[in-house]
Amino acid sequence: MHPKLHIEDKGDTITIRVSTGSLPDLDQVRAIVTEAHATFADDHTGVVADYIPALARVSPDLFGISVVGVGGRDVGIGDCDHLFSIQSISKPFVFALVCQEIGAETARDKIGVNATGLPFNSVMAVELNADRTMNPMVNAGAIATTSCVPGATAAEKFRFIQEGLSRFAGRQLEIDQEVYESEAATNLRNRGIAKLLEGYGRMYWDALEATDIYTRQCSLNVTSKDLAVMGATLADGGVNPITRERVIDAPHCRRVLAALATAGLYEQSGDWLFEIGLPGKSGVSGGIVTIAPGKGAVGVFAPPLDEAGNSIKGQLVTKFLSERLGLNLFASRPDAA
Ligand code: DON
């Protein structure tokens, strides 16, 4: 194991302050989201994922944008009620649930939180890093995370994930059986990654069962609105802004967002942070969720992807909204944006 950077609190009594403001008023948010949809609706670049056969059949023209504020305000336009499988966007939420169960420090020790700089399904990332898993947002770390989920059987573990992600969304999420079966029949690479990790002592449940549970979690159906509610729960210190249920504790929440900022867009995470200045997570079915801590979250659904597997319109819309809604974490003054 490499030495980890641990910065201890000095233990003094301090006044906790946050670095964020609030979203513009609802009418302004609605106008800006409407403008974003109109601006990018005619962008037809990118291709729909086809390495999972069932995903290849989706219409490339679907396009929905949702914004949910930490106070529960909600704006949606376009195909924001269209169901699609959550895919990799499940990763931060399962990591959050695992942090809540075993503690964020233990989760960091078991999985890692550094950037990989490599594609989401990289085997090289496992080989190059002495700790083997590097981050819960890429497949190796995500399958290891799923293997840490509590439960005496695979069915119990999946139920924990389904119920946990449903609490993030504020409604019961169900599996897209066709997507699950299609991916389960073709996910040899993920099974290989899990077996490789098992060989290195970095799997915490049977490797093939953990891969199957991970494949099921990726097949849970969501809408762009669900993504925005789930993201807004992380933006709200772990409290769902619609149901007001606490899903995870605030200290875990900010650590999940840190892990997300390092690898949420895989090898493009640095470019994403440079352009957008917020933690975000993409999935191959065309979703992207982006979290503005203390303010809310943006969920976009638009299936055509770039070469790294990230929704092209999702990235364009999120950059547009980050600038227009004033979300960039690194911007200190409007005129310095
Ligand atoms: O493991 C996989 O390959 C898929 N279930 C999820 C990959 C994914 O969403 C990558 N995202 N951009």
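As the structure lists them, so they are numbered: ligands from 1, and atoms in each ligand from 1. Keep in mind that what you see is a predicted model, and the values were worked out from it rather than measured.
- For the pairing with Lys225, the salt bridge (charged side-chain N to carboxylate O under 4.0 Å, His left out) check across Asp74, Asp81, Asp79 returns one residue only, Asp74.
- For ligand 1, residues of the protein lying within 4.0 angstrom by heavy-atom distance are Tyr51, Gln87, Ser88, Phe120, Asn139, Glu183, Asn190, Tyr214, Cys218, Tyr266, Ser282, Gly283, Val284, Gly309.
- Counting Ile, Leu, Val, Met, Phe, Trp and Tyr side chains that sit under 4.5 Å apart, directly or through other members, Met203 shares a hydrophobic cluster with Val123, Val126, Ile143, Ile193, Leu196, Leu197, Tyr200, Tyr214.
- Salt bridge annotation for Asp236-Arg244: present, with a cationic side-chain nitrogen under 4.0 angstrom from a carboxylate oxygen.
- Judged as a side-chain hydrogen bond (donor to acceptor under 3.5 Å, both in side chains), and not counting sequence neighbours, the contacts of Asn190 are Asn139.
- With hydrogens and angles left out, the side-chain atoms of Arg191 and Asn187 include a donor and acceptor closer than 3.5 Å.
- Residue pairs satisfying the salt bridge (charged side-chain N to carboxylate O under 4.0 Å, His left out) criterion with at least one member in residues 166-175, sequence neighbours excluded, are listed as follows: Arg167-Glu245, Arg171-Asp226.
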